[in-house]
Novice: 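Dropping the structure in here first, questions after.
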Amino acid sequence: MKSHLLRPLYVVVALVAIIFIARVIVVPSDFGVGEKGYMYGWHRKANEDEWKAFKVKFKNRDFCKDCHVSEYDSVMKSPHSIINCENCHGPAYEHPEEPPKLIINKEREHCLRCHSRLPYKQTERADIKGIIPDNHNPDIECVSCHNPHSPKGDAL
Amino acid sequence: MSRRDFLKTGLMVGAGLGLSSILGKDILSSAGIITPKRWVFLVDTFKCVGCGLCVRACKLENEIPYDVPVTRTWVERYVVKKDGTVLADSPYGGRDGYLINNPQGIVVPQEDIAKAFFVPKLCNQCTNPPCVQVCPVGATYQTNDGVVLVDRKWCIGCGYCIMACPYGVRFFHPVHKVAEKCNFCYHRITKGMKPACEDACPFGARHIGDINDPAHPVADIIKTQRVSVLKDEFGTKPSVYYLGYDSLIR
Ligand code: SF4
Ligand code: SF4
């Protein structure tokens, strides 16, 4: 065959070879078709572990109870026992190392999430003791009168 | 034990060991010997009070910028008036809860309300996820335990999955600039913890479970009670089930 026909062919072959070599280098060995086949299984397996290693921030009341025994006990006796500590105190992260102190959310709006009365009687919201925010001491933080660990006043 | 029995048991044990290693986990699991985990979620809309603590916890746990109006999970409010008008809203995904009776900014007098309720939503971790099907690079994928994950290193930000999801649960992460969505708190559930939203919910409106574990209360409720999934007609086979579903829910 004439060389002017062969030359572009060599170029194409070389290009294809380069693409294949690049693919071997770029695509990680754990990338490919998983157990569920091409449509749903195609992925980089190592990413599952990357997600598993994502940092946990909220530790839950069982984590708090070991050190804050009396606070734990008082809140567990109250109707607020259904609320995890970190909902008001913020996520624990690596507490007590980091952060050494948690910031308590004392905002009125935080309490009103449940205690602003809504007339939605198909929900449990209507059963919660609620106030009309504009009529009930507006602009005053709820915690200046109510103890959130003991909203009924039975254990302080 | 006679020599004959000894040889027989020896042979059987040997064959058993050999077989199980040859067959591997997959065949054993399909034979019901090892049941694979399959995560499902149960939302009890009767219990939700619209406090939004779940949305807040989710944002903090999963590092979704707090003041940007994008969320992995959100809570919708539906108020139906006696004249049939439906008012639905979800300001900032319900992050700050619902303090005023003003759906879509309209104050509805109590006597005009026919019904009103809250509906928490999240990624449905579909069994046939269209988002996975359309992803051109294999960045969105499904794990064997049924959770759909997004590989942030692999996502090219084309947005196909955002278009493909019939539930509108996907968005671009404002910091990572790649597709983002709820992943059932994969880092928590794989450590035996519960998702942040479930832990934060004081009213028990949200529950995760393993549908293949017959002893699990969530599996039991889904299998024995009247539950519904969202947009069943799309054929995506969601893993999020609803108690107290209403046909108004979109
Ligand atoms: S709900 Fe949307 S994002 Fe989640 S798995 Fe289904 S299609 Fe994908
Ligand atoms: S925390 Fe529970 S009750 Fe509050 S809005 Fe979320 S699902 Fe509803």
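Within every chain, numbering begins at 1; the chains are lettered A, B, ... in the order of the sequence lines, protein sequences first and strands thereafter. Please read these numbers as outputs of a predicted model, since none were measured by experiment.
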Novice: Identify whether the distance between the nearest side-chain nitrogen and carboxylate oxygen of A:Arg108 and A:Asp139 falls below 4.0 Å.
Specialist: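 Salt bridge between A:Arg108 and A:Asp139, a charged N being under 4.0 Å from a carboxylate O: no.
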Novice: At a 4.5 Å cut-off on heavy atoms, which part of B:Val148 comes close to chain A: side chain, backbone, both, or neither?
Specialist: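 It is neither, since no heavy atom gets under 4.5 Å.
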Novice: Could you tell me which of B:Thr45, B:Asn128, B:Ile189 has the largest number of non-hydrogen atom pairs under 4.5 Å with chain A?
Specialist: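 Most pairs with chain A among the choices: B:Asn128.
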Novice: Can A:Lys57 and B:Glu63 be counted as an ion pair, charged N to O under 4.0 angstrom?
Specialist: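 Yes, this pair counts.
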Novice: A:Ile132 versus chain B, heavy atoms under 4.5 Å apart: side chain, backbone, both or neither?
Specialist: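 Looking at A:Ile132, nothing touches chain B.
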Novice: May I have all residue pairs that pass ring pair (Phe, Tyr, Trp, His ring centres under 6.0 Å) and include part of residues 72-105 of chain B, sequence neighbours excluded?
Specialist: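 Counting only pairs at least two positions apart or across chains, the ring pair (Phe, Tyr, Trp, His ring centres under 6.0 Å) contacts touching residues 72-105 of chain B are B:Tyr78-B:Phe117, B:Tyr98-B:Phe118.
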Novice: Check whether B:Val108 gets within reach of chain A through its side chain, its backbone, both or neither, counting any heavy atom under 4.5 Å.
Specialist: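 Neither; nothing under 4.5 Å.
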Novice: Counting only heavy atoms closer than 4.5 Å, note whether A:Asp49 contacts chain B via side chain, backbone, both or neither.
Specialist: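 Neither part, no heavy atoms under 4.5 Å.
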Novice: Quick one: of A:Arg61, A:Lys45, A:Lys55, A:Lys121, who has the most non-hydrogen atom pairs under 4.5 Å with chain B?
Specialist: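 Most heavy-atom pairs within the cutoff with chain B belong to A:Lys55.
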Novice: Output the option from B:Leu99, B:Asp96, B:Val147 having the highest count of non-hydrogen pairs under 4.5 Å with chain A.
Specialist: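 With the most close heavy-atom pairs to chain A, the winner is B:Leu99.
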Novice: Given that the side chain runs from C-beta out, which part of B:Thr190 has a heavy atom under 4.5 Å from chain A: side chain, backbone, both or neither?
Specialist: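 Just the side chain, heavy atoms under 4.5 Å.
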Novice: Name the region of A:Leu118, side chain, backbone, both or neither, that has any atom closer than 4.5 Å to a heavy atom of chain B.
Specialist: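 For A:Leu118, the side chain is the part near chain B, not the backbone.
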Novice: At a heavy-atom separation under 4.5 Å, does B:Cys185 approach chain A through its side chain, its backbone, both, or neither?
Specialist: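 Neither; nothing under 4.5 Å.
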Novice: In terms of side-chain geometry, is the basic nitrogen of B:Glu76 or B:Lys121 positioned less than 4.0 Å from the acidic oxygen of its partner?
Specialist: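 The answer is yes: the pair qualifies as a salt bridge.
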Novice: Taking side chain as everything from C-beta outward and backbone as N, CA, C, O, which of these in B:Asn62 sits under 4.5 Å from a heavy atom of chain A? Side chain, backbone, both or neither.
Specialist: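 Its backbone and side chain both get close to chain A.
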Novice: Within a reach of under 6.0 Å around NZ of A:Lys101, are more than 12 heavy atoms found that belong to other residues, nucleotides or ligands?
Specialist: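 Count not over threshold, so no.
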Novice: Is chain B contacted by the side chain of A:His80, its backbone, both, or neither, given a heavy-atom distance below 4.5 Å?
Specialist: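 The answer is neither part of A:His80.
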Novice: Other residues, nucleotides and ligands only: do more than 12 of their heavy atoms fall within 6.0 Å of NZ on A:Lys59?
Specialist: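 Counting neighbours around NZ of A:Lys59, more than 12 heavy atoms of other residues, nucleotides or ligands fall under 6.0 Å, so yes.
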Novice: Let's test your reading of the structure: which of B:Val79, B:Leu60, B:Thr140, B:Ile113 forms the most heavy-atom pairs below 4.5 Å with chain A?
Specialist: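 Ranked by heavy-atom pairs under 4.5 Å with chain A, first place is B:Leu60.
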Novice: Would A:Glu50 and B:Lys153 pass as an ion pair if we require N to O under 4.0 Å?
Specialist: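 Yes, A:Glu50 and B:Lys153 are salt-bridged.
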Novice: Does any backbone or side-chain atom of A:Asn60 lie under 4.5 Å from a heavy atom of chain B? Answer side chain, backbone, both or neither.
Specialist: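 Just its side chain gets close to chain B.
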Novice: Chain A heavy atoms under 4.5 Å from B:Lys194: which part of the residue, side chain, backbone, both or neither?
Specialist: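 Interface part for B:Lys194: neither.
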Novice: Quick check on salt bridge (Lys or Arg N to Asp or Glu O under 4.0 Å): which of B:Arg188, B:Arg56, B:Arg206 does B:Asp199 satisfy it with?
Specialist: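 Output: one option passes, namely B:Arg188.
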Novice: For the residue pair B:Tyr167 and B:Phe234, does the interplanar ring angle fall in the parallel (under 30°), tilted (30 to 60°) or perpendicular (over 60°) class?
Specialist: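 Aromatic pair B:Tyr167/B:Phe234 classed tilted.
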Novice: Checking B:Ile100 against chain A: side chain, backbone, both or neither under 4.5 Å from a heavy atom?
Specialist: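 Looking at B:Ile100, just its backbone touches chain A.
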Novice: Classify the ring geometry between B:Trp154 and A:Phe31 as parallel (under 30°), tilted (30 to 60°) or perpendicular (over 60°).
Specialist: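 Taking A:Phe31 first and then B:Trp154, their aromatic rings sit tilted (interplane angle of 30° to 60°).
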Novice: Kindly indicate whether the side chain of A:Pro151, heavy atoms from C-beta on, has any atom under 4.5 Å from the side chain of A:His146.
Specialist: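 When only atoms from C-beta onward are counted, A:His146 and A:Pro151 do not touch, as no gap falls below 4.5 Å.
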Novice: Could you look at A:Glu86 and say if it's the side chain, the backbone, both or neither that has a heavy atom under 4.5 Å from chain B?
Specialist: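 Just the backbone, heavy atoms under 4.5 Å.
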